[in-house]
Structure formats: structure tokens, C-alpha cells
Enquirer: 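Have a look at this one before I ask anything.
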Amino acid sequence: MALELFLEGDPIADTKAPTDVPIGERWSERKFRGKLVNPANRRKMTIIVVGTGLAGGAAAATLAEAGYKVKSFWFQDSPRRAHSIAAQGGINAAKNYRNDGDSVHRLFYDTVKGGDFRSREDNVHRLAEISTQIIDQCVAQGVPFAREYGGLLDNRSFGGAQVSRTFYARGQTGQQLLIGAYQAFERQVAAGNIETHSRTEMLDLVVVDGKARGIVVRDLVTGEVTTHVADVVVLGTGGYSNVYYLSTNAKGSNTTAIWRAHKRGAYFANPCYTQIHPTCIPVSGDYQSKLTLMSESLRNDGRVWVPKERGDSRPPQDIPEDERDYYLERKYPAFGNLVPRDIASRQAKNVCDEGRGVGPGGLGVYLDFAEAIQRLGRKAVEAKYGNLFDMYARITGEDPYSAPMRIYPAVHYTMGGLWVDYDLQSTIPGLFVIGEANFSDHGANRLGASALMQGLSDGYFVLPNTITDYLSAGPFEKVPADHPAIVEAEAGVKAQVEKFLSINGTRTVASFHRELGRLVWDYCGMERTAEGLRKALDRIPELRKEFWTNVKVAGDAHTFNQNLEHAARVADFIELAELMCIDALHREESCGGHFRAESQTPEGEALRNDEEFAYVAAWGWTPEGEPPVLHREALEYEYVHLAQRSYK
């Protein structure tokens, strides 16, 4: 790789996991070895938590209940508007209620394998262990999980597994889990232990003497810029899929909090690992601004197929069974329609590229429930998936009970994020990162129903036990309002706001975002090539220059101004997109959601290069015009044997 793209930095390693004991004992041992904070001292300490999704909301509630003073920040009007509410399909847990061979070790193995052997064993095993506690916690909160006739909690299967370990609340699992976390959160608000700041966006991190000590925020209603200080800062701000403009994420989802922390010294790990979800409603027009996801749970009973012949435009009901290609069942008989998301997405793209796609533009495949309705009855299917079917019908005007759904892959989840150690602490002491905002658990591809699991694991169980080791040295020295770090950070935020409003160009913020998204999708999307990535890296600096000289941001800084909000987020997306492409170009292998066309098996599967790329790529920030710095964290596998993934 040419040196002009990046510089080599010192290796990085996670030193917090106690590797001198067996993996099944490491989490318990870490909790024992970590230092504690006595209850009297907790009352003297303040923790800032940014974000109120499953990770942020659970963390704020748990830390406040433990006795810390918590300040919570979110940019929506209500904590319940966090994007976690949109997760539909379920949450994994190794309970083995079906007695079908599941276990903590099997969930651990499935997650490492599903991530194409690019995740840390220690973090993944801890996640599998805690999964069983999460379900008990949520049931105690009153989360209405689906139950079998006898009253036991029901399970269903998800991609990448051959067991039924996914707990669900119809097609509203994320919503119900978030309401549970929200209730715990509001209880602490009422008790006076959480100070709330709604409609408030973090725009910078305050670092004092090398430690995270606060954040600079902007009130999105009044435009006021202020600084809040604390003993520690926690970011639970979600992923960055909206860099692609069209994604399954909420329109407000962005990278700004973690990107601004990155620019203050937090390493950004594996930015190119983005997940393409196979069951999205296809794009319907050039000016569409949002994509809608149909839950992966539908692949339990829905069968994926396309016509065997190219250009077959007959209605699906008119295509006989022997003229249909159930291509996932044909290629992967052991897993069928429940192969991991990256594989299902890539195979959908392949059949569409062959000219066998369905719907407008041939960019779609069928997800057919006819067999399930015949086998189970319509009422049973409605009980499982009714709200999802209703949503599809409202969006498309088509009845999925009488005709197959049409689906196509779309950008969904980001496995990359800020680098953290076993304690979930970033490379900036005092800055902890939880949930999708960090990189830690999923490798190069996240298994379905594991996002909710990680968010609640980090928020309820991991962070409250690991943050104490850092806080045991506190309370820390007070930071005065006139401290140079605060003055500099506030001035930078205000200057950027003034800059946006002064450019007065001819292009809208949305037009830049749309162009960037198309560029990244074309060259750093479902399939990447060296040639395409270099094209993107040629164009992105040009786009950044044009953005900063020709963007039009209407309105002013002292009112509710969504153009101004969007401008700051797009500025960060442009910088992130460049790092994503550099990361994808330097990783000359295919693994999980990162598929390089130059690196594939004769059967078209992802071909890893373990000798050269079995590491986490942790990137250090450098000013514009200078190449980023690559720090490698070697991945070592002691309990899972490295092997070419096979789901056949």
C-alpha cells in the first residue's frame, strides 16, 4: 500500500482482559481485580452520558442508581426517540430454552465465525455470558416478550445460527426494550439522580491534561453553545450508516459525537466494516431520503427466490415452482435462508446482476410467505409478523399475504467505531464508548439480533462494572469555566457555526450529502475494488473543498435550524468517508461486510488473508492534508479455530 495513503503507527493492544485465566473466567476475574468506588465517593462524582438508546439509556439509569450524578444529553425531544426503537426482530440470548444444542460457547462461536474471525475473543465471550442475564433483567422490567402457549418465553432463529435463541416482542423488540430502559431512566430522573438535556447536540470533547473532562454542546432550539464538565464522559451515540445518505437508520443518526472525539485523540477502528442488510424495501426513486428495513425475523418463515430465467417479468403467482430459484436454499443447504446478512446480501446482488432481479429496475428479490401461510395458517403468521406485514403494505401498496414481498440489500449497521479496550475505554483516558458507537464485539459482520444484546450488555452490565476502575482515582480536580481547553473548544464550535452561515453558496446541504452517499455506496458499499476506492479518494477531497466554499445554510444560529444541524453532520461524514475508503483500500482481503472483488474464492465467497490482516485497524487522526496513522491490534484466536467460513 502506498505510503501517501497512511502512516504506520505503534501497535496497540488491549491490556485489560485478564488473559492469565481461562476465557470463561475472565469477565468475573476482571470484575474482581478492578478497583471499586465506595458509595460515599460516588455521590461526589459526575458522569456525562451522551445518547439515550439502549446503551446510553441503560448506562445512565444503572450508573445513577449506583449513586453517581449523571448528566444525560440527547438531540431528540424525548429519550424514547433514540434509533434503538426501530430494531424489530429480536435479541439473542444463550438460554437454550428449545433444548436444541445452544450454549454460551455456541453463541460465542457463532458470533466470532459470523464476524468472519475479525473480532476479539474476550469481548465476544463476555457478551455471550451476559446475554442470559439480559433476558432476566428485561423480563423483570416487564418487557412483553412473546410466549408459547404454556407461558414460557418463545424463541425464533436468526441468520448465522442453527439454533433458536432470539427472544422477541412481535416485530417491536427494540421499542419494548427501549421502553424498559426508559422506565429505569425516568425513575432516576424523578429521584433527582439524572440531569436531563434534551434537544442538545454534542459538538466537541473537552480534554484536560490528556483526560476527557466534558463536552461542548449546542442547544438545538436556542442555538446556545455551552460546556458541561464531569469526571468521565460516556458516548452511546450509535452508528454512522447515514454516511451513505440512504440507509435504514433514522435521518438524525450521525457520526458527529464519535468523530469529534476521534479528532481529539480517540482512535477510530475498522471504519470500513459496514453491514448491508438483505431485507430492505427496495429504493423507489432518485429523491428518496430514507430506506425501510423489514426485520430479519421474516427470513424464519419467508423463502427467498428469483425466477430461474433472466427477464422473467410475470407476476410471482404465475411463475411455477419448478421455474423458481430458491438460491439461498440451493447454495447453503445447512443454513438456507438464515445465512448471515453479508452472505444473503451479496447473493441477492449477484442474482440481480445476472438479470434475474424483480421489480422496477430489476433490483429486488422475492421474500415469499405462501408456504408458511399454508403450513401455519394466516392467523399464526399474523401473530408473529402482523405489524411488519402492515408496514410493508402501507409503504408499497402491496399485500404480502397474497403476493411475495420484494426486498433488496441496504446499508444498515456499522461494525466500526471508536476503539475501546476490555473496559470499554477509548484511547483517551476517561472517555468510554458503548453500543454501536464502539467497534468491539462484531468483527466484520454482525449477526442478526446481536445489536440489542450488545447495547444492553454494555449499558446494564459491563460499563457499570469497569468504569469504577478509572473513577477509583477520583473525584478529580475541578475544571474552571475559563480553562484554556474549554475556551478553545467552545470557540471552535462557534467558529464553525459562523463559517457555515457565512459561506452563502448555491448548493444545499442535502445535495452534498446525497452525492457523498452515492459515491460511498458505489465505491465502498456492498462490493469494493482498488480502482473504485481510488476514484472515491480522488473525488472526496474535491467534494469537501466544494462543500466548504459553496454550501448554502439558510437561517441563523439562534433559532431552531435543521439546515445548520445537517451541515455540521455532513462535514463530519465527508471526513469519515475518506477514512472509510482508506481503510477499505488498505485491507486487501474480503471479510464479512468488507468484500473486495479482488479477494474471493472460485465460488464467489469472501476470501480472508489471515497472515497479513488478522488485526484491528485503529486509526489516529491527523490534520487535513496529512495521512492518517494506522495502529494495528493483533487478533489472536485461542478458543476458536481460524477457518474459511462455510454455511453450506
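One-based numbering along the sequence shown. Remember, it's a predicted structure, so these values are computed and weren't measured experimentally.
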Enquirer: Do we see a donor-acceptor contact under 3.5 Å between the side chains of Glu633 and Trp419?
Expert: yes

Enquirer: Checking Ser164 against Ser157: is there a side-chain donor and acceptor pair closer than 3.5 Å?
Expert: yes

Enquirer: Would you say Lys16 has more than 12 foreign heavy atoms packed within less than 6.0 Å of its NZ?
Expert: yes

Enquirer: When rounded to the nearest 0.5 angstrom, what is the spacing between CD1 in Ile47 and CZ in Phe432?
Expert: 9.0 Å

Enquirer: Report yes or no: do Thr559 and Asn561 form a side-chain donor-acceptor pair below 3.5 Å?
Expert: no

Enquirer: Determine whether Leu576 and Phe268 make a side-chain contact, defined as any pair of heavy atoms from C-beta on separated by less than 4.5 Å.
Expert: yes

Enquirer: Using a distance-only test with no angle check, is there a side-chain donor-acceptor pair under 3.5 angstrom linking His566 and Gln562?
Expert: no

Enquirer: For Gln275 and His277, test the side chains for any donor-to-acceptor distance below 3.5 angstrom and give the result as yes or no.
Expert: no

Enquirer: Can a side-chain donor-acceptor contact be found between Thr166 and Asn92 if the only test is distance below 3.5 angstrom?
Expert: yes

Enquirer: Just by distance, with hydrogens left out, do Ser253 and Asn242 show a side-chain donor and acceptor under 3.5 Å apart?
Expert: no

Enquirer: Tell me yes or no: between the side chains of Thr227 and Glu490, is some donor less than 3.5 Å from an acceptor?
Expert: yes

Enquirer: Does a donor on one side chain sit under 3.5 Å from an acceptor on the other, for Gln454 and Asn438?
Expert: yes

Enquirer: Which residues pass the ring-ring contact (aromatic ring centres under 6.0 Å, His included) test with His83, sequence neighbours left out?
Expert: none

